[in-house]
Amino acid sequence: MDFIVTPGGQPAGEVQVPGDKSISHRAVLLGAIARGDTRISGLLEGEDVLRTVEAFRAMGVEIHREGPGLLQIRGVGRSGLQAPASGDLDLGNSGTAMRLLAGLLAGQRFDSTLRGDASLSRRPMGRVCTPLGEMGAEISATEDGCPPLRIRGGQTLRGIRHHAVVASAQVKSALLLAGLYASGRTCVREPAASRDHTERMLQGFGVRVESVDGATCLRGGQELRGTRLEVPGDISSAAFFLVGAAISPGARLRLPGVGVNPTRTGILHLLERMGARIERSNPRLAGGEPVADLLVEGGELQGIHVAPEEVPGSIDEFPALLVAAAFARGETRVRGARELRVKESDRLAVMAEGLRRAGIFVEEQEDGILVRGGSFSGAEIDSHGDHRIAMAFAVAGWRAAGAIRVRDTANVATSFPGFVATARGAGLGIQEHTA
Ligand code: S3P
C-alpha cells in the first residue's frame with residue numbers, strides 16, 4: 001500500500017483520534033488475568049492490539065466484542081491462563097505485546113513461544129530477558145537477543161530491584177507483571193520517567209503499587225479485580241494532526257478526548273516551544289488517565305533544541321516532530337535519542353533519508369539528529385513499513401511544494417485504522433494506492 005498526497009488545503013474542523021494503543025494493550029492484558037468481568041470502551045482496534053486480544057483468546061480467555069471499541073473480557077484470574085494450543089503466539093509488529101507478554105508468561109506454569117513479523121524479529125529483547133532471568137525466569141532469544149522468545153513455564157520467580165539503563169515503559173511493565181507472580185517485592189528504577197499507564201491501571205484493578213526511593217514497586221501474589229475502563233484518545237496518533245495544523249498558518253483544528261497523561265505530553269510542550277498554539281480544555285479523568293480536548297492553531301514555527309531528558313516523554317512523536325522541524329525557521333537538534341534506532345524502524349536513519357529526499361538538510365548523529373528547516377519539495381518516501389514514519393510524511397503533504405508519495409504504508413493499521421479517512425475529513429488530499 002502507498003499514500004499519495006496532493007499538496008495544499010488547510011487542516012480544519014475536528015479530528016477524533018482512535019483509542020490509545022499503550023492503554024488498550026494493558027486493558028486487555030489486565031482484564032484477562034483479573035477475577036471477574038472487565039468492560040472496555042474506546043479500545044483501539046488496530047492490528048497490534050488485536051494481536052494481544054488473539055493471544056489471550058489462544059490462552060483460553062473469553063473475549064466478546066460488543067460493538068466498535070467495546071470489549072467484554074471474562075477474566076480467568078492470575079493463575080487461570082492455559083497453554084496456547086499451538087504453543088506459539090504471533091504478535092505481528094507489536095513490541096509492546098511481546099515485551100509485556102514476556103513478563104506475564106515468565107510466571108505461568110506452561111511453556112510458550114512469542115514471535116513477530118520481520119521488523120519485530122529485529123528488535124532487542126535482552127532488555128526484558130536479562131532482568132526477567134534475574135527473577136528466575138527461563139527465556140531464550142536468538143543469539144542477537146531478538147525474537148522468537150521461548151519461555152519455559154513452571155519457574156519460581158523472586159522479586160528484584162532493577163535499575164534500568166534506558167527509560168522504557170515496556171521493560172518496566174514486563175518486570176511489574178512478572179512481579180505479580182514473584183515472591184517478595186519487585187522494584188524498577190528508571191533514569192527518566194517513562195509512561196506510567198501500567199502502574200495507574202494496576203491500581204484500577206485493585207493492585208497496590210508503591211513508589212519507594214524513586215522506584216516503582218509491587219508485591220507478588222496480589223489478585224486483580226475486574227473493572228470498567230474507558231480508553232482515552234491516543235496522543236501519539238493526535239501528534240500527526242497537531243503537526244499538520246501547527247505547520248499550516250491560519251489552520252484551526254480541534255481534537256476532542258485526547259489522553260494527556262504527563263508522561264506522554266512532551267509533544268505538546270515541544271510544539272509550543274516551536275511557536276505552535278495549543279489550547280487544552282474540558283479536563284477530565286477516564287480510566288484513571290487525564291484527558292482533555294485540544295485546539296491547535298497553525299503559524300510560523302522556529303527550530304528548537306530537544307534535550308536527552310525530554311526524549312522519553314515524546315518517544316513515539318519524533319517522526320512527526322521532525323516533519324515540523326523541516327517547516328520551521330532555523331535548526332532543530334535532538335540529542336540522547338538512540339532509542340529511536342530500535343523502534344518499528346531505525347527512525348533516525350529513516351527520517352533522515354525521507355527528509356533529504358524532500359530537499360531538507362539533515363545531519364544524522366549516532367544518538368540524535370539535526371534538521372534545518374527549508375523548502376519541502378514533492379518526493380517519494382520509503383516508510384520502511386513503519387506506521388509513524390508513513391503518517392508523519394503524509395501530513396507534510398499539507399505544506400509540501402509538490403506531491404508526496406509514501407511507500408509501504410499498510411502498517412498504519414497497527415495503530416491508526418481509518419487514518420486515510422480521518423485525514424481526508426480534516427482536509428488532507430490523500431489517496432491510498434495498492435502498489
Ligand atoms: C510503549 C512504550 C514505548 C513506546 C511504545 C509503546 C508502551 O516503548 O515507544 O510505542 O506501551 O509501553 P519503550 O518503553 O520501549 O520506550
Side-chain angles (χ1 to χ4, degrees), residues 18-30 43-44 46-49 51-52 91-104 116 119-120 122-132 145-147 162 164-177 188-202 216 231-232 234-240 259 261 263-267 287 289 308-321 336-348 367 386-389 391-392 411-412 414-416:
D20 187 276
K21 179 151 75 78
S22 291
I23 297 174
S24 295
H25 280 296
R26 287 158 171 82
V28 172
L29 191 154
L30 297 187
L43 185 91
L44 167 67
E47 285 170 7
D48 277 10
V49 175
R51 294 286 183 162
T52 293
L91 304 171
N93 195 242
S94 179
T96 304
M98 182 159 298
R99 295 195 179 114
L100 269 55
L101 277 171
L104 180 71
S119 151
L120 183 51
R122 284 191 296 267
R123 297 182 65 185
M125 294 297 148
R127 52 182 61 195
V128 283
C129 296
T130 303
L132 287 172
C146 294
H162 179 65
V165 217
V166 282
S168 164
Q170 294 179 350
V171 172
K172 174 177 61 182
S173 303
L175 300 187
L176 293 176
L177 291 170
V188 185
R189 185 198 290 275
E190 301 186 281
S194 66
R195 63 193 66 190
D196 63 359
H197 305 305
T198 302
E199 300 89 297
R200 285 175 186 255
M201 198 182 290
L202 277 168
T216 306
V231 180
D234 198 329
I235 191 167
S236 297
S237 297
F240 305 105
N261 179 315
T263 60
R264 297 282 299 280
T265 46
I267 184 67
E289 293 278 345
E309 60 274 17
E310 293 180 295
V311 171
S314 50
I315 187 70
D316 291 337
E317 284 63 77
F318 283 94
L321 185 84
R338 194 176 286 112
E339 273 298 293
L340 294 179
R341 296 204 181 274
V342 291
K343 294 296 177 186
E344 286 82 330
S345 70
D346 176 344
R347 288 184 174 158
L348 292 177
D367 75 334
D386 185 326
H387 56 135
R388 300 202 195 280
I389 303 275
M391 291 184 274
N411 277 338
V412 165
T414 60
S415 67
F416 202 147

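As the structure lists them, so they are numbered: ligands from 1, and atoms in each ligand from 1.
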Pair Thr96-Lys21, side-chain donor/acceptor within less than 3.5 Å: no

query: Can you list the atoms of ligand 1 that are under 4.0 Å from a heavy atom of Ile315?
result: 9 (O)

Ligand 1 contact by His197, heavy-atom criterion under 4.0 angstrom: no

message: Under the rule for side chain to side chain contact (heavy atoms under 4.5 Å, CB included), what residues qualify as partners of Ala97, not counting sequence neighbours?
response: His25, Thr52, Leu91, Ser94

- request: Could you tell me whether Gln170 and ligand 1 have an N or O pair separated by under 3.5 Å?
  value: yes

task: From the options Asp316, Asp234, Asp196, select the one residue that forms a salt bridge (charged side-chain N to carboxylate O under 4.0 Å, His left out) with Arg264.
output: Asp234

query: Would you call Asp386 and Arg347 a salt bridge, taking side-chain N to carboxylate O under 4.0 Å as the test?
result: yes

query: Backbone, side chain, both or neither: what part of Arg195 comes under 4.0 angstrom of ligand 1, heavy atoms only?
result: side chain

task: Would you check whether Asp316 has a nitrogen or oxygen atom less than 3.5 angstrom from a nitrogen or oxygen atom of ligand 1?
output: yes

message: Is a donor from one side chain sitting under 3.5 angstrom from an acceptor on the other, for Ser22 and His197?
response: no

task: Give the residue, atom name and distance (to 0.1 Å) of the protein heavy atom nearest atom 15 (O) of ligand 1.
output: Ser168 OG, 3.0 Å

field: Ligand-residue contact atoms, ligand 1 with Ser22, heavy atoms, under 4.0 Å
entry: 1 (C), 6 (C), 7 (C), 11 (O)

message: Below 3.5 Å, N or O to N or O, backbone or side chain included: is there any such pair between Ala169 and ligand 1?
response: yes

query: Tell me: protein heavy atom nearest atom 3 (C) of ligand 1, and distance?
result: Lys343 NZ, 3.9 Å

- request: Considering only NZ, NE, NH1 and NH2 on the basic side and carboxylate oxygens on the acidic side, decide whether Asp20 and Arg195 come within less than 4.0 Å.
  value: no

- prompt: Quick one: does Arg26 get a heavy atom under 4.0 Å from ligand 1?
  reply: yes

message: Closer than 4.0 angstrom, basic N to acidic O: yes or no for Arg127 and Glu339?
response: yes

